[in-house]
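Taking it in order: structure first as C-alpha cells, then the write-up.
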Amino acid sequence: FEIAGGTIETPLTYKGLGLLLKAAMGSVATTGSGPYLHTFTPSATLPSLTIAVQRGTGTSEQFEGCMVSTMTLSCEAGEEGRASFEIIAETASARGSALGAGGFGDGAQIFHFQSSTLSYNSVTTYKMRSMELTLDNKLERVNYLGSKLTSQPQISDVREVTLTATFDLEDDNLYNAQLDGTASNVEVTFTSGSDSFNILIRNAQITEYSDDVNSFGRIERTATFYGLSDSSNEAIRIEMTNDNASGVSN
C-alpha cells in the first residue's frame with residue numbers, strides 16, 4: 001500500500017488556525033459581529049482537505065484526501081503556545097512549481113503569560129507550569145483489494161480527549177479528586193486584548209496523578225484530565241474570539 005501523510009507543527013495563534021481546528025474537531029459555528037466568536041465542536045463526520053506543501057524555495061507537493069488523526073495543543077511557562085496536527089492522506093501528486101505566498105491571519109501568537117489559571121471542580125486558581133491538550137480521533141486507514149490507496153479513513157474507536165497539566169504542589173485537592181472519581185469541567189483561557197482562545201473539557205475525571213518527591217526544591221504535581229461526553233454536550237469545546245468573520249479562514 002502507498003502510505004502518505006505527516007505532521008503539521010505551527011505556533012498556536014488567535015487567528016490562522018480555523019481551518020485545521022475544524023478539520024480536527026469536525027464543525028464550527030460563528031456568532032457575533034466583530035469581535036466574532038468561533039465555536040469548534042466534535043462531529044461524527046470529519047472534513048477532508050487538500051494540503052499543498054512548499055519545499056524550500058523550489059518545488060511544492062500536494063497531498064490529497066487529508067484528514068486529521070490527532071491534534072495536540074500545548075504551552076509551557078516561558079514559551080509560546082504550539083499546535084500539532086497528525087495527518088492521514090490518501091496520496092500525493094507529482095511535485096510541481098513553487099506556491100504563492102500564503103495568508104496566516106495577523107500572526108498574533110499565543111504566549112504563556114496570556115494564560116488564565118486552570119479551573120476545575122469549583123477551584124479557579126490552579127497555576128500551571130505547562131499544559132498539553134490531546135484530541136485523538138481514532139482514525140484508521142481503510143484498505144481494499146484492487147487499490148494501493150486508502151479509502152476515506154474511518155473513526156474506529158471512541159474518540160479521546162485529555163488535558164495534562166503540571167502544577168506546584170500546594171494542596172491535595174487534585175489527589176483527592178482522583179481518589180473520589182470526581183467529574184467536573186476543566187477550563188483554560190488565553191487572552192490578548194479582544195482576542196481569546198478558550199479550551200473547555202467537560203465532565204473530566206483525573207485518570208493519572210503524580211507528585212513524586214525525587215529531588216530538592218519545589219514538588220510538582222502532574223494530572224491528566226479525561227473528558228467525557230454526556231447526553232447533550234461533547235467532551236470538548238474550543239472557542240476562538242477574533243475580528244475575522246469566517247470560522248475557517250481566520
Side-chain angles (χ1 to χ4, degrees), residues 9-18 20-22 24-25 28 35-42 70-85 108-136 159-171 173-175 177-178 182-211 220-230 233-242 247 250:
E9 295 187 356
T10 176
L12 188 58
T13 59
Y14 293 104
K15 288 199 297 186
L17 289 181
L20 287 173
L21 287 175
K22 181 184 177 182
M25 301 278 283
V28 60
Y36 299 91
L37 174 63
H38 312 288
T39 303
F40 299 85
T41 53
T70 61
M71 175 183 72
T72 302
L73 308 179
S74 61
C75 193
E76 186 172 346
E79 298 183 1
E80 65 184 13
R82 304 290 300 177
S84 176
F85 303 86
Q109 294 178 229
I110 293 176
F111 294 102
H112 74 98
F113 58 84
Q114 297 168 340
S115 171
S116 68
T117 54
L118 180 140
S119 170
Y120 180 70
N121 195 26
S122 300
V123 179
T124 61
T125 57
Y126 291 115
K127 296 180 180 180
M128 297 176 290
R129 288 185 169 272
S130 64
M131 58 147 288
E132 181 176 279
L133 169 74
T134 301
L135 172 65
D136 187 349
R159 281 164 153 171
E160 291 185 348
V161 56
T162 59
L163 188 147
T164 299
T166 298
F167 319 83
D168 285 343
L169 181 60
E170 298 176 337
D171 53 50
N173 291 344
L174 296 177
Y175 173 75
Q178 182 201 30
T182 300
S184 180
N185 291 350
V186 174
E187 191 164 8
V188 177
T189 303
F190 294 86
T191 305
S192 176
S194 61
D195 294 340
S196 68
F197 192 97
N198 173 270
I199 298 170
L200 176 67
I201 310 295
R202 294 188 175 95
N203 307 314
Q205 294 184 321
I206 298 176
T207 56
E208 295 183 33
Y209 177 91
S210 65
D211 55 7
E220 295 183 352
R221 54 181 169 178
T222 299
T224 297
F225 303 89
Y226 187 99
L228 297 171
S229 300
D230 55 34
N233 292 298
E234 297 291 342
I236 180 174
R237 184 204 69 198
I238 293 177
E239 291 184 337
M240 183 189 303
T241 302
N242 54 40
N250 71 86

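These numbers come from a predicted model, not from an experiment. Values below: every heavy atom of this structure, side chains too, minus hydrogens, waters and symmetry copies.
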> Does the pair Asp168/Arg129 count as a salt bridge with the N-to-O cut at 4.0 Å?
Replying inline: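 Looking at Asp168 and Arg129, the cut-off is met.
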Within the 4.5 Å heavy-atom criterion, are [X] and [Y] side-chain neighbours or not?
| X | Y | value |
| --- | --- | --- |
| Tyr36 | Thr241 | no |
| Met25 | Leu135 | yes |
| Phe225 | Thr162 | no |

>> Please enumerate all residues that pass salt bridge (Lys or Arg N to Asp or Glu O under 4.0 Å) together with Glu76, with sequence neighbours excluded.
In response: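 By the salt bridge (Lys or Arg N to Asp or Glu O under 4.0 Å) rule, Glu76 matches no residue at all.
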> Does Asp211 have any salt bridge (Lys or Arg N to Asp or Glu O under 4.0 Å) partners at least two apart in sequence or in another chain, and if so, which?
Replying inline: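 With sequence neighbours excluded, Asp211 shows a salt bridge (Lys or Arg N to Asp or Glu O under 4.0 Å) to no residue whatsoever.
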Closest contact, heavy atoms only, [X] versus [Y]:
| X | Y | answer |
| --- | --- | --- |
| Asp195 | Asn242 | OD1-CA, 3.4 Å |
| Leu174 | Asp171 | N-OD1, 4.5 Å |
| Ser229 | Ala235 | OG-N, 3.0 Å |
| Val186 | Ala204 | CG2-CB, 3.7 Å |

> Is atom OH of Tyr175 surrounded by more than 12 heavy atoms (other residues, nucleotides or ligands) closer than 6.0 Å?
Replying inline: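 Atom OH in Tyr175 is not packed in, count stays at 12 or less.
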>> Nearest 0.5 Å, please: how far is CZ in Arg237 from CG in Asn198?
In response: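 It comes to 5.0 Å.
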>> Quick check for you: to the nearest 0.5 Å, what is the distance between Arg82 atom CZ and Thr13 atom OG1?
In response: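 It is 11.0 Å, given to the nearest 0.5 Å.
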> Do any pairs count as a side-chain hydrogen bond (donor to acceptor under 3.5 Å, both in side chains) and have a residue in residues 111-121, sequence neighbours left out, and if so which ones?
Replying inline: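 Sorted result for residues 111-121: Tyr14-Gln114.
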>> Would you call the rings of Phe40 and His38 parallel, tilted or perpendicular, taking 30° and 60° as the class edges?
In response: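 If you compare the ring of Phe40 with that of His38, the planes turn out tilted.
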